[in-house]
Amino acid sequence: MAKQADIMELSKRRGFFFGSNEVYGGVAGFYTFGPQGAALKRNVESAWRDQFTVRLGNDEIEAPTIMPEAVFEASGHLEGFDDMLVECAECGQSHRADHLIEDNVAGIEDAEALGLEAVGELIAEHELECPACSASLAGEPVEDFNLMFETSIGPGTGQPGYMRPETAQGIFVEFPRLREYARGQLPFGVTQIGPAYRNEISPRRGIIRVREFTQAELEQFIDPEEDEPPLATVEDVSVTLYPVPEQESENGEYIETTIGAAVEAGTIASPWVAYFLGIAQEWYERVGVDMDRFRFRQHLPGERAHYASDCWDAEAEISGNWIEIAGFAYRGDYDLSKHGKYSDERFTVFKRYDEPQTVEKAVVDPDMSALGPKFGGAAAQIADELTALAERDPSAFDAETVSVEVDGERYTVESDIANFSVEEQTESGEHITPHVVEPSFGVGRTVYTLLEHAYSEDEVDGEERTYLSLAPEVAPTDVAVFPLVKEDSLLGLSSDILRELRSSGLSVTYDESGSIGRRYRRQDEIGTAFCVTVDRDGIEGDEPNTVTVRERDTAAQVRVPASELNTELSALLRSEDSRSFDDLIEAYTVVETGVSTE
RNA sequence: GCACCGGUGGUCUAGUGGUAGGACCUGAGCCUUCCAAGCUCAUGGCCCGGGUUCAAAUCCCGGCCGGUGCACCA
């Protein structure tokens with residue numbers, strides 16, 4: 001089993017990832033993906049795009065990573081992402097200052113709203129103590145810590161902007177245009193793959209908790225009353241679930257079930273969430289996560305975000321710990337409602353009734369030429385209030401006069417000036433705020449998981465070897481081409497093959513240095529699934545113009561005509577073709593190398 | 001952010017108050033016709049700053065980075 005140190009060492013040495021800016025001492029929480037890592041990550045993103053964008057018929061966008069303050073006022077990140085910390089001088093522990101106040105001072109429920117100074121004064125005033133060591137916290141500075149990176153947009157003081165802490169907001173704020181693009185029809189889904197930023201207090205464990213990371217998110221917009229997910233497409237998908245009751249029970253166990261059965265049993269409350277768990281399960285299998293070290297865990301009530309009614313995480317076991325690699329949240333109308341409220345735009349869709357409905361509606365059409373001279377500047381507001389009153393209490397207009405209140409002042413208007421009437425109106429539909437179901441993936445964590453789950457050691461021909469058993473689709477290098485020895489005839493065919501494979505879009509490496517075994521080991525270590533070796537038998541032997549293809553995990557080889565090579569390799573590397581190396585063993589001559597893995 | 005431990009070629013490491021060795025890797029050559037073989041040669045290093053000292057990679061202090069624990073993770 002791979003240890004974290006093994007992966008770190010391999011990653012640095014073979015160019016998967018390493019700490020950034022090391023020549024200047026480095027900065028915690030930032031990593032650079034090297035050539036192999038960037039390719040692996042790119043392949044993971046492509047596979048995700050195929051599964052969650054293309055196959056589901058969704059659309060992908062690319063929004064800015066810097067967004068203005070207003071976005072995060074609406075989203076709640078400015079407040080919710082902002083922690084007030086106070087540090088104990090005695091024992092050094094940090095505590096949430098606002099929570100201390102709320103827990104210990106009667107009558108204060110939202111200490112965060114009071115501001116830093118007021119909270120500091122309250123701590124001194126009530127002589128609050130450190131919960132850990134009971135030392136007095138009076139006089140300790142209360143400091144703001146916001147997990148968002150702040151910047152300023154434009155010259156001078158500019159206007160405040162923030163690096164997005166999740167890609168989701170870039171989709172939500174563009175909802176009005178995306179709705180137009182979708183021609184106003186629910187359901188529709190919008191995806192985005194890109195970086196997000198969180199100024200973590202303490203980045204840890206290499207690439208697992210970093211300050212800049214890549215998310216792949218889908219925001220599925222649905223009509224909560226009408227839209228059903230196509231559950232039938234995933235109902236037979238097997239999953240390992242770890243629901244709340246099992247987590248809370250003494251000997252909690254995983255539930256091995258199918259998506260269909262889990263919905264039936266109510267284990268997963270939301271069919272939409274269940275649907276995406278099924279889609280995700282298929283995807284994780286496809287890219288090569290070890291399903292024995294994978295589970296879907298339901299959020300405990302306490303860890304659930306305030307907007308999410310049900311939430312599940314995809315978790316992978318890494319170096320003995322479970323880490324979150326994706327989250328699936330039913331966000332309701334939280335995000336769109338908030339942006340609808342904070343902006344002047346409408347974040348709703350028009351939902352047409354099956355049949356137009358005729359409703360009786362009380363309306364007013366105030367005579368502004370009478371209201372204006374009489375009430376001056378208040379006239380417009382009075383008219384608005386009359387309109388509101390008509391909807392609220394039509395009977396108020398039965399009397400001679402009707403009165404409304406504007407800014408605390410009461411105005412009395414003759415009823416006939418209001419032009420009250422009850423009209424029959426035909427309504428063809430209503431504006432509803434779509435609900436959002438959000439599968440949100442951590443790409444970097446997925447990449448790390450794949451590395452650790454793929455990391456393998458065995459013996460080939462009595463020699464120890466390390467190899468990455470990556471799924472061919474995501475392996476950073478597709479194929480390696482070797483001339484068995486440096487001999488003109490072999491070099492010629494090798495370079496022909498190299499050129500052909502590369503021009504068909506494969507990522508191909510070429511290596512003619514050192515012994516063949518060393519070259520195989522180099523590729524094994526970065527997870528290259530197939531090595532093509534040009535030998536003399538393939539040029540002048542019984543089967544001329546053939547080359548050998550070696551499979552990484554088994555070290556088995558088959559002899560394939562050079563003319564078939566491109567087609568066969570392409571088929572092996574594409575997930576949608578179910579061609580496997582076993583099919584090649586069936587179809588071609590197996591090379592007896594006398595070499596085997598054990 | 002606090003505490004503990006650590007930081008020596010690309011990687012893994014030995015080591016001492018007098019500026020450093022090994023292994024692997026990498027490159028060149030020889031040899032080699034299928035799994036890290038051998039031989040020759042070569043490239044490449046003491047995290048940064050300050051202090052103590054005739055002299056610091058080594059001792060001290062601070063910083064940065066990493067690992068672990070605590071806290072944090074909307």
Side-chain angles (χ1 to χ4, degrees), chain A residues 3-6 8-15 18-30 34 72 75-83 85-96 99 112 130-133 143 145-148 165-166 198-206 208-209 211 303-308 319 323-324 327 329 459-467 482-487 489-490 513-525 531-541 547-548 550 552 555-557 559 591-597:
Chain A
K3 293 188 293 284
Q4 195 178 334
D6 297 327
M8 297 294 185
E9 191 271 329
L10 179 68
S11 292
K12 275 189 281 191
R13 195 160 44 78
R14 301 313 300 266
F18 40 82
S20 295
N21 307 297
E22 280 180 330
V23 298
Y24 290 112
V27 195
F30 294 92
F72 302 110
S75 72
H77 284 96
L78 264 184
E79 198 184 334
F81 240 50
D82 210 356
D83 290 341
L85 297 181
V86 61
E87 190 184 319
C88 173
E90 203 66 36
C91 70
Q93 286 204 10
S94 285
H95 305 281
R96 289 284 295 268
H99 290 178
E112 198 158 20
C130 171
C133 72
E143 291 181 340
F145 190 80
N146 193 298
L147 277 309
M148 284 195 294
E166 58 176 11
R198 295 180 191 180
N199 200 2
E200 294 288 349
I201 295 172
S202 164
R204 277 295 161 82
R205 305 184 59 200
I208 297 302
R209 187 195 288 173
R211 293 186 164 126
E303 64 184 316
R304 212 152 57 202
H306 49 288
Y307 50 72
S319 307
I323 61 158
E324 175 191 352
E459 280 189 9
V460 174
D461 223 18
E463 296 279 353
E464 281 182 22
R465 104 178 146 144
T466 298
Y467 64 104
F482 309 141
L484 188 55
V485 289
K486 285 187 204 172
E487 199 172 276
S489 59
L490 305 188
S513 81
S515 76
I516 191 67
R518 180 184 299 272
R519 284 178 272 166
Y520 285 142
R521 292 306 201 284
R522 281 191 190 120
Q523 296 308 314
D524 289 341
E525 209 176 30
C531 291
V532 172
T533 305
V534 179
D535 63 354
R536 196 188 288 158
D537 287 348
I539 293 198
E540 54 198 31
V547 297
T548 64
R550 169 189 182 268
R552 176 196 58 213
Q557 287 182 304
R559 186 168 290 283
V591 180
E592 297 300 336
T593 58
V595 170
S596 62
T597 57

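The chains referred to below are lettered A, B, ... by the order of the sequence lines, with proteins before strands, and numbering in each begins at 1. Quantities reported herein were computed from a predicted structural model and do not represent experimental measurements.
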For [N], the Watson-Crick or wobble counterpart (both distances under 3.5 Å):
N     : answer
B/C25 : none
B/U53 : none
B/A20 : none
B/A74 : none
B/G45 : none
B/G6  : B/C65

Taking [atom1] from [X] and [atom2] from [N], how many angstroms apart are they, rounded to a whole number?
X      : N     : atom1 : atom2 : answer
A/R14  : B/C24 : CZ    : C1'   : 12 Å
A/E22  : B/C65 : CD    : P     : 11 Å
A/R13  : B/U11 : CZ    : P     : 10 Å
A/E9   : B/G66 : CD    : C1'   : 15 Å
A/I201 : B/G1  : CD1   : P     : 10 Å
A/R204 : B/G1  : CZ    : C1'   : 10 Å
A/E166 : B/C73 : CD    : P     : 16 Å
A/D6   : B/U11 : CG    : P     : 16 Å

Any base atoms under 4.0 Å from [X], or only sugar-phosphate, or nothing? Heavy atoms, all strands.
X      : value
A/G19  : nothing
A/R205 : sugar-phosphate
A/Q557 : base
A/E324 : nothing
A/A555 : base
A/V591 : nothing

Do the side chain of [X] and the base of [N] come within less than 3.5 angstrom through a donor-acceptor pair of N or O atoms?
X      : N     : answer
A/Y24  : B/C64 : no
A/R209 : B/C73 : yes
A/R550 : B/C35 : yes
A/T548 : B/C34 : yes

Measuring to OP1 and OP2 of [N], would you say a side-chain N or O of [X] lies under 4.0 angstrom away?
X      : N     : value
A/R518 : B/C25 : yes
A/S202 : B/C72 : no
A/K12  : B/C12 : yes

Review point. Taking for each residue the nucleotide of RNA chain B bearing the nearest heavy atom, is the 5' side occupied by A/S515 or by A/G29?
Key: A/S515
**Study point:** A/P203 or A/S513, whichever maps to the more 5' nucleotide of RNA chain B
**Key:** A/S513
Review point. Does a side-chain heavy-atom distance below 4.5 Å link A/H77 with A/M148?
Key: yes
Rounding to an integer number of angstrom, what distance separates [N] and [M] when you compare their [atom1] atoms?
N     : M     : atom1 : answer
B/C60 : B/A28 : P     : 45 Å
B/C31 : B/U68 : C1'   : 49 Å
B/G15 : B/C72 : C1'   : 40 Å
B/G18 : B/G1  : P     : 36 Å
B/G7  : B/C47 : C1'   : 7 Å
B/C12 : B/G44 : C1'   : 15 Å
B/C24 : B/G38 : P     : 8 Å
B/G69 : B/C35 : P     : 44 Å

Check your understanding: Does A/E463 have any side-chain contact (heavy atoms from CB on, under 4.5 Å) partners at least two apart in sequence or in another chain, and if so, which?
Key -> A/R521
Distance-only, no hydrogens or angles: does the [X] side chain make a donor-acceptor pair with backbone N or O of [Y] under 3.5 Å?
X      : Y      : answer
A/R211 : A/E200 : yes
A/R550 : A/C531 : no
A/R519 : A/L484 : yes
A/T548 : A/T533 : yes

Check your understanding: Taking the side chain of A/R198 as heavy atoms from C-beta outward, which of B/C34, B/A36, B/A74 is closest to it?
Key -> B/A74
**Study point:** Nearest listed nucleotide, side chain of A/Q4, among B/C65, B/C34, B/U68
**Key:** B/U68
Revision key, fill the gap. Contacts of A/F482 meeting ring pair (Phe, Tyr, Trp, His ring centres under 6.0 Å) (sequence neighbours excluded), chain-then-number -> A/Y520
Revision key, fill the gap. Of A/R552, A/R465, A/R14, the one forming a salt bridge (Lys or Arg N to Asp or Glu O under 4.0 Å) with A/D524 is A/R465
